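Okay, so here's the structure we're looking at.
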Amino acid sequence: MVRVRFAPSPTGYVHVGSLRTALYCYLFARHHGGVNILRIEDTDRTRYVEGAVENLLRTMEWAGITFDEGPITGGPCGPYVQSERTELYREHADILIASGHAYPCFCTAERLDSVRKAQQAAGIPPMYDRLCRNLTKEESDRRIASGEPHVVRLRVPIGELVRFNDIIRGDIEFDSKTIDDQVLLKSDGFPTYHLANIVDDHFMQITHVLRAEEWLSSTPKHVLLYAAFGWEPPKFAHLPLILNPDRSKLSKRQGDVAVEDFRDKGYLPDALINFVALLGWNPSATEEIFTIDELIRDFDLARVNKAGAIFGREKLDWMNAEYIRKKSPKELLPLVRPLAEDRKYVASDEYLLTVIRAMQERVRTLPDFVDFASYFFVPPTEYEEKYKSKHWNPEAKERLTEILPRFEAAEKWDHDSLEAIVRTYAEEKGISAGKMIHPIRLAVTGRGMGPGLFELLAVIGKAESIRRMKVALESLV
RNA sequence: GGCCCCUUCGACUAAUGGUUAGGUCACCACCCUUUCACGGUGGCUGAACGGGUUCGAAUCCCGUAGGGGUCACCA
């Protein structure tokens, strides 16, 4: 039975890299009919952010990623929050000390710091100098009893090759002399990631560890820990990183990285999921659009790439537009309504639906519905210069003035009637319909982009359309 | 710097020793067209470099170069 876990630390927002890790865990678990577990890794009290867990839960729900075991769902291996499992970690640190695989260390942060600085100055790799590694049991017991602050460190074996297999990268080996005596238990009694992670993965019976490549270099420590406990390690799969355009690890500094940012900017969850799924993996098909069920059906860790992938916004935008087009106007309505309200646009559901239908093929993100189409709600406040200079001239004004009475006299204000009025007039004058259409569009919308003119006039309505034409005739030079 | 990982169009990627190196995004052109889109057609651009192995290498091996990750009482 496949059991995987997504184990974020609640430090604020959800990074898109985390989203992809969570997605791959979900896909992998569902593909194999396994169990997807959510575990909160909140062992760093200094980085704890209020509300981060709630935000994480909300974001996962938005993305459609579900868990079978976790802090909300519960399950047989709980609790699923590390800060509620500290006793377990302390016990296991003791087990390691007793078996000689770990030792108490009394070095102060200041000493560690100066050792590190000296090593760096000498050009040698900064590592703990193992001062406390060979303290006698009597001495360390005495110092612990006297209440001296200490941590527990892993006693890394000397002169060993640590090997493990990664599903994505194959066999990897590290010389143990390059591995630091990692702190396992901090002086505040909380475990570090390395201890808590191994203990939890073991007791939660995790079969596959899916995590980002940045963890690859600490994996030998984990392998050593499994061996020290006498436990069977899970299978590892280190996922390629998601990159900035300059190929460094995707970071906040270079743009949006939070899933919440994308949600707030009007990206649909299906689109983001589809896009992110294809960053580092693809099912070898020529199509690009996949439903979540198709992703589950085709997902295969063996097909995950080794190299990092740049998070390219252009393709995301395209994909989001694809998903918007696939939705029905009714589905879009509740997503667009709040955006219209933010801008103080007053509109009935029916009217909004009409605008959505008119704009659906022209937008890339949700806010585009209202921002590209503001003229459906309020008169233009400015006129696009490029469009104006091309289509607004004395001749155009004269013709618009001339056709205005025909609009005013119109009994029906629908697409076909409006088209008839304009085309008939153009024909009489022996000019192309475009000569009329563009100035009218400019007068009514102010922009050279949007739905067909007759459709647009019909939506805006007779009185308002005519009013805007008059305003343009009076004020636009 | 030590250690580890990686390297196919600008971007995401396909191909598991034999293909004119394929697809998608972006870009360009044309068609459709009242604008913008949508849609359609076509186009542009790619194997980091050097050695091997092989009848044959993007694919296997070795070097080199470049990029990245990691070296915390953070995860």
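Computation of the quantities below employed the complete heavy-atom set of this structure, encompassing side-chain atoms and omitting hydrogens, waters and symmetry-equivalent molecules. Below, chain A is the first sequence line, B the second, and so on; all start at residue 1. For clarity, every value in this text was computed on a predicted model and none was experimentally measured.
Residues that satisfy the side chain to side chain donor-acceptor pair (under 3.5 Å) test with A:D368, not counting sequence neighbours, are A:T365. Applying the salt bridge (Lys or Arg N to Asp or Glu O under 4.0 Å) criterion to A:E398, with sequence neighbours excluded, gives no partner residue. Considering only residues two or more places apart in sequence or on other chains, A:E50 meets the salt bridge (Lys or Arg N to Asp or Glu O under 4.0 Å) condition with none of them. Take A:R111 and apply the side chain to side chain donor-acceptor pair (under 3.5 Å) test, not counting sequence neighbours, and it matches A:D129. With sequence neighbours excluded, the residues that form a side chain to side chain donor-acceptor pair (under 3.5 Å) with A:E41 are A:R39, A:Q82, A:N197. The side chain to side chain donor-acceptor pair (under 3.5 Å) check on A:Y267 picks up A:R313, A:D317, with sequence neighbours excluded. Considering only residues two or more places apart in sequence or on other chains, A:E455 meets the salt bridge (Lys or Arg N to Asp or Glu O under 4.0 Å) condition with none of them.
Among the protein residues, A:A309 comes within range of the sugar-phosphate backbone only, with heavy atoms under 4.0 Å from sugar or phosphate atoms but none that close to a base.
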N/O donor to acceptor pairs below 3.5 angstrom from side-chain atoms of residues 279-287 of chain A, sequence neighbours left out:
unit_1, atom_1, unit_2, atom_2, d
A:N282, OD1, A:S284, N, 2.6

Taking N or O atoms only and anything under 3.5 Å, show me the protein contacts with nucleotides 29-32 of chain B, one pair per line.
none

Fill in: Contact pattern, 5' to 3', of nucleotides 60-75 of chain B - B, S or - by protein heavy atom under 4.0 Å
-------SSSSSSBBB
Worksheet item: How would nucleotides 35-42 of chain B be written as a contact map, 5' to 3', with B for base contact, S for sugar-phosphate-only contact and - for no contact, using protein heavy atoms under 4.0 Å?
Response: BBBSS---
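Residue pairs meeting the ring-ring contact (aromatic ring centres under 6.0 Å, His included) criterion with at least one partner in residues 37-56 of chain A, sequence neighbours excluded, do not occur; the list is empty.
Counting only N and O atoms by type, the side chains of A:N244 and A:S251 include a donor and acceptor under 3.5 Å apart.
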